[in-house]
Amino acid sequence: MVKKDITDGNLYLANTEDFLTKLFPVDASIVDEVYKKLIKKEGTYNLGKKLWKGLPIATEKESSYYQPFVEIVESIRVASESLGKATLCCRWIDRHSKYPKSRDQDAAIIRPDILCVLKMEGEEQKKWEGLGYIGEKEKKSKPKPPVRRSGRKNRGSARGGGGGGRQNTGGGEGEAKDEKEDNNKSEQQKEMAAWWLRVNVPIEIKPAESKSAVDHVERLFGYMRQVLREQADRCFVPGLLLSRRGLQIWLCDRSGVLGTRMPIDIHKNPKGFIRVILGCSLLPPERLGWDPTMRLCRQPINPQCPELVHSYDPSVKLSDYHSSLYDTNWVIEMPSKTDPMKREEYITVRALSVVRAECMSERATIVWAVIKVDDMKTKNPPHHCWRPTAGNHEGDFFPEESKTRDIHLGRMHSYEDVKYDGDVMDTQKFIRQGLDHFLPFMDVDNVNEKRATEALETAEEKEAHLDVSIVASTQELEPPWRTCARLLSEDYGWPLEGFRDLSELSNVSDHLITAHEFFYFSALSIETSAQEMYLSAPLVIDGIMTTEGRLIDIDYAKRTNRFVSPVLFHAKRKDDTPSKDPAMMKILRGTFQIFSKNQATDDVLDACVWTRDTIPFKTILDYKPRPT
């Protein structure tokens with residue numbers, strides 16, 4: 001899925017300095033102050049050699065980077081704590097040998113090398129607070145014991161010892177103690193649980209230098225994709241890639257991925273490196289991808305006065321996320337149906353669909369069933385998605401509620417493009433800050449001298465995956481800009497594939513065809529799958545309980561001026577009944593037997609005739625009846 005996302009023209013690069021200026025706007029005075037601390041007090045950065053302490057510069061062993069890198073970034077974070085500017089309570093930890101935890105039992109078992117994780121109260125709080133950072137020394141230095149001198153010769157050197165048992169300068173014991181404390185903290189760090197729910201920024205480390213700007217990125221994108229899946233309130237995710245000494249910054253939102261064209265040499269440009277690491281804890285939460293318009297509802301829920309908290313708050317507990325991605329209770333604001341200027345709060349009861357949440361260049365639609373905070377009686381399924389900015393909002397296509405009953409369309413309570421501080425939350429201006437970008441493009445010179453024919457040269461130009469060096473692309477392609485949108489529907493029910501019996505299937509299918517007919521003659525082109533058609537909640541008509549089909553999900557609707565008569569208009573039917581051509585019935589009977597290994601009854605064949613053009617045939621044959 002990662003490869004698909006980045007090979008569909010959704011990967012872009014930007015000038016590194018512009019990227020840092022617009023997306024990591026950390027105050028230069030803070031960077032300078034931290035830089036001075038790291039040189040004078042910590043000794044973390046060697047100004048003379050222009051090297052970070054302990055970080056390899058010429059090794060091919062990836063594991064030798066992990067602990068020194070964590071020590072360095074933790075030193076940067078701790079050095080900034082005295083400034084009191086941090087907006088997020090976070091910590092950098094090594095996770096190359098232990099994959100983060102997930103509430104999803106089917107989550108991919110992947111292990112990011114380094115993680116920046118947010119604090120969470122509960123059983124891990126004591127470990128968190130007692131950990132400090134690896135390499136941290138006591139602020140008050142202890143006096144060194146006096147040097148004991150002896151007239152005896154140093155016999156230790158003859159036996160290969162370091163300095164003799166009696167000629168103790170006082171440093172060996174202290175250094176051994178510091179090393180032991182560091183090892184203990186390293187072990188504590190490995191034992192501390194890391195949850196995908198609390199990942200702020202993932203890091204991938206490679207000991208080899210990158211030959212192009214898109215080397216080694218697939219794993220990092222996999223981590224970022226998993227973060228989007230686990231964190232429903234995440235608009236985008238930043239990620240870091242360290243290739244030996246070059247640091248590249250990537251940003252993954254719903255318009256694809258954007259990265260820095262040239263990596264930052266962390267040894268030659270320490271302030272640039274410090275700026276990026278500080279940004280991961282000093283920038284406002286919304287500038288690191290967290291959605292401030294969504295809040296967690298603390299568990300257990302108090303119906304009279306629910307306690308709300310942002311997920312990036314350090315007081316959040318694991319229990320506040322409930323048992324799974326589907327059961328987490330979020331509070332979302334929507335416009336009032338009667339007064340668009342008035343806001344109403346809704347608590348999600350259960351997620352109905354999260355399969356698209358992790359998409360890096362899609363609508364990333366999430367569907368919840370919700371209860372209004374002020375009136376916990378009605379369940380309404382709201383859609384949360386990233387719609388194409390250039391298109392219409394899905395809610396614009398639905399008619400007034402008074403017209404929806406007979407044509408079996410969903411009833412819209414309200415809808416909006418999400419805003420924060422008056423700004424629409426979109427990928428172009430809100431997230432990427434209007435940053436200029438360009439496509440990675442292959443310089444085909446000398447890629448393969450044996451390919452001399454014109455046809456092969458043309459083919460090479462199209463092989464973007466053979467990226468050898470990066471030059472500015474001449475293609476003027478724009479990313480698929482998207483806007484965060486929410487739509488609250490008043491209908492709640494089951495997907496079409498959950499029909500109870502064939503009679504209900506036939507009835508509901510007829511309703512959905514009516515809804516399609518309305519859109520068709522309204523000059524709307526829509527694409528609908530079985531998963532996007534819904535049955536409404538049970539209805540009572542004249543004392544009889546029944547179900548009704550309503551079409552509520554038209555994500556891909558587009559207005560069109562082109563009118564083409566549908567094929568069904570040319571079908572010849574008598575008395576508005578489906579044709580039972582003997583040849584067609586024979587084909588249906590044989591197909592049913594192949595799929596189900598059973599003989600088809602007449603009522604099954606009737607349903608197949610009615611519905612073969614509206615839903616996948618195999619859906620009917622493989623259905624699992626809903627309990628009555």
Side-chain angles (χ1 to χ4, degrees), residues 86-93 95 98-110 112 115-131 188-202 223 226-235 237 281 285 288-333 345-355 357-358 366-373 376 379 382 384:
T87 59
L88 295 175
C89 185
C90 58
R91 184 182 299 282
W92 299 86
I93 61 174
R95 266 300 175 273
K98 187 176 182 180
Y99 56 87
K101 294 184 178 182
S102 172
R103 296 170 302 160
D104 183 1
Q105 61 181 1
D106 297 322
I109 302 178
I110 50 180
L115 288 175
C116 175
V117 294
L118 301 184
K119 181 180 179 181
M120 181 166 58
E121 282 195 356
E123 60 181 10
E124 297 300 322
Q125 184 176 6
K126 292 183 179 179
K127 292 182 181 179
W128 179 288
E129 294 175 349
L131 183 60
Q188 286 179 341
Q189 187 188 81
K190 292 178 182 179
E191 292 299 321
M192 190 173 70
W195 289 80
W196 282 111
L197 289 167
R198 310 300 289 167
V199 172
N200 187 34
V201 181
Y223 309 147
Q226 184 65 22
V227 171
L228 291 175
R229 173 178 174 78
E230 300 265 349
Q231 301 174 7
D233 62 335
R234 205 67 186 266
C235 299
V237 183
S281 59
L288 290 168
W290 300 92
D291 186 348
T293 69
M294 294 177 62
R295 289 168 291 173
L296 280 172
C297 188
R298 306 295 292 262
Q299 302 295 323
I301 297 177
N302 180 357
Q304 302 302 321
C305 185
E307 184 180 354
L308 310 181
V309 62
H310 287 107
S311 67
Y312 45 82
D313 191 289
S315 67
V316 168
K317 299 178 181 179
L318 183 61
S319 60
D320 292 332
Y321 288 99
H322 223 283
S323 58
S324 71
L325 299 171
Y326 290 88
D327 297 324
T328 303
N329 300 118
W330 296 96
V331 173
I332 302 172
E333 288 187 356
E345 291 183 338
Y346 292 85
I347 296 179
T348 64
V349 178
R350 180 172 174 81
L352 304 179
S353 175
V354 296
V355 294
E358 62 198 86
I366 303 178
V367 184
W368 286 286
V370 302
I371 296 177
K372 190 176 179 181
V373 174
M376 296 187 179
K379 293 183 178 181
H384 172 102

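A cation-pi arrangement is not found for Arg295 relative to Trp330, the charged atom failing to lie both closer than 6.0 Å to the ring centre and inside a 45° cone about the ring normal.
For the pair Asp320 (side chain) and Gln299 (backbone), a donor-acceptor distance under 3.5 Å is present. Asn329 places a side-chain N or O within donor-acceptor distance of the main-chain N or O of Thr348, the cut-off being under 3.5 Å. Although no hydrogens or angles enter the test, the distance criterion places no donor-acceptor pair under 3.5 Å between the side chain of Ser281 and the main chain of Leu88. Not one N or O on the side chain of Arg91 forms a donor-acceptor pair closer than 3.5 Å with the backbone of Leu115. Judged by distance alone, the side chain of Thr328 and the main-chain N or O of Leu296 form no donor-acceptor pair under 3.5 Å. Between the side chain of Gln231 and the backbone N or O of Leu197, at least one donor-acceptor pair lies under 3.5 Å.
Rounding to the nearest 0.5 angstrom, the gap separating the CG atom in Asp104 from the CZ atom in Arg229 is 4.5 Å. In this structure, Arg234 CZ and Leu288 CG are separated by 7.0 Å, a value rounded to the nearest 0.5 Å. Here the straight-line distance linking atom CD of Glu333 with atom CE of Met294 works out to 12.0 Å at 0.5 Å rounding. Taking CE from Met120 and OG from Ser311, the interatomic distance works out to 11.5 Å, rounded to the nearest 0.5 Å. Note that the CG atom of Leu352 and the CD1 atom of Ile366 stand 11.5 Å from one another [nearest 0.5 Å].
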For a side chain to side chain contact (heavy atoms under 4.5 Å, CB included) check, start with the C-alpha distance between Ile332 and Val370, then their side-chain angles and the critical distance, and finish with the verdict. CA-CA 9 Å; Ile332 302 172; Val370 302; 5.8 Å; no
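A heavy-atom distance below 4.5 Å is found between the side chains of Arg198 and Val316. With a 4.5 Å cut-off on side-chain heavy atoms, Trp368 and Val349 do not count as touching. The shortest side-chain heavy-atom distance between Cys90 and Tyr312 does not fall under the 4.5 Å cut-off. Looking only at side-chain heavy atoms (C-beta outward), Glu230 and Tyr321 stay at 4.5 Å or farther from each other. Residues Val309 and Ser315 have side chains in contact (heavy-atom distance under 4.5 Å, counting atoms from C-beta outward). Within the 4.5 Å cutoff, the side chain of Pro100 has heavy atoms near those of the Pro112 side chain. Using a 4.5 Å heavy-atom threshold, the side chains of Trp92 and Cys116 count as touching. At a threshold of 4.5 Å between non-hydrogen side-chain atoms, the residues Cys89 and Leu118 do not count as touching.
Identified under the salt bridge (charged side-chain N to carboxylate O under 4.0 Å, His left out) test for residues 300-315, with sequence neighbours left out: Arg298-Glu307.
Residues satisfying the side-chain contact (heavy atoms from CB on, under 4.5 Å) test with Tyr99, not counting sequence neighbours, are Ile109, Arg111.
The nearest pair of heavy atoms linking His310 to Asp291 is CD2-O, 4.5 Å. When all heavy atoms are compared, the tightest approach of Gln226 to Ala107 is NE2-CB, 3.6 Å.
The residues Asp327 and Arg103 are annotated as not salt-bridged, no charged nitrogen and carboxylate oxygen being separated by less than 4.0 angstrom.
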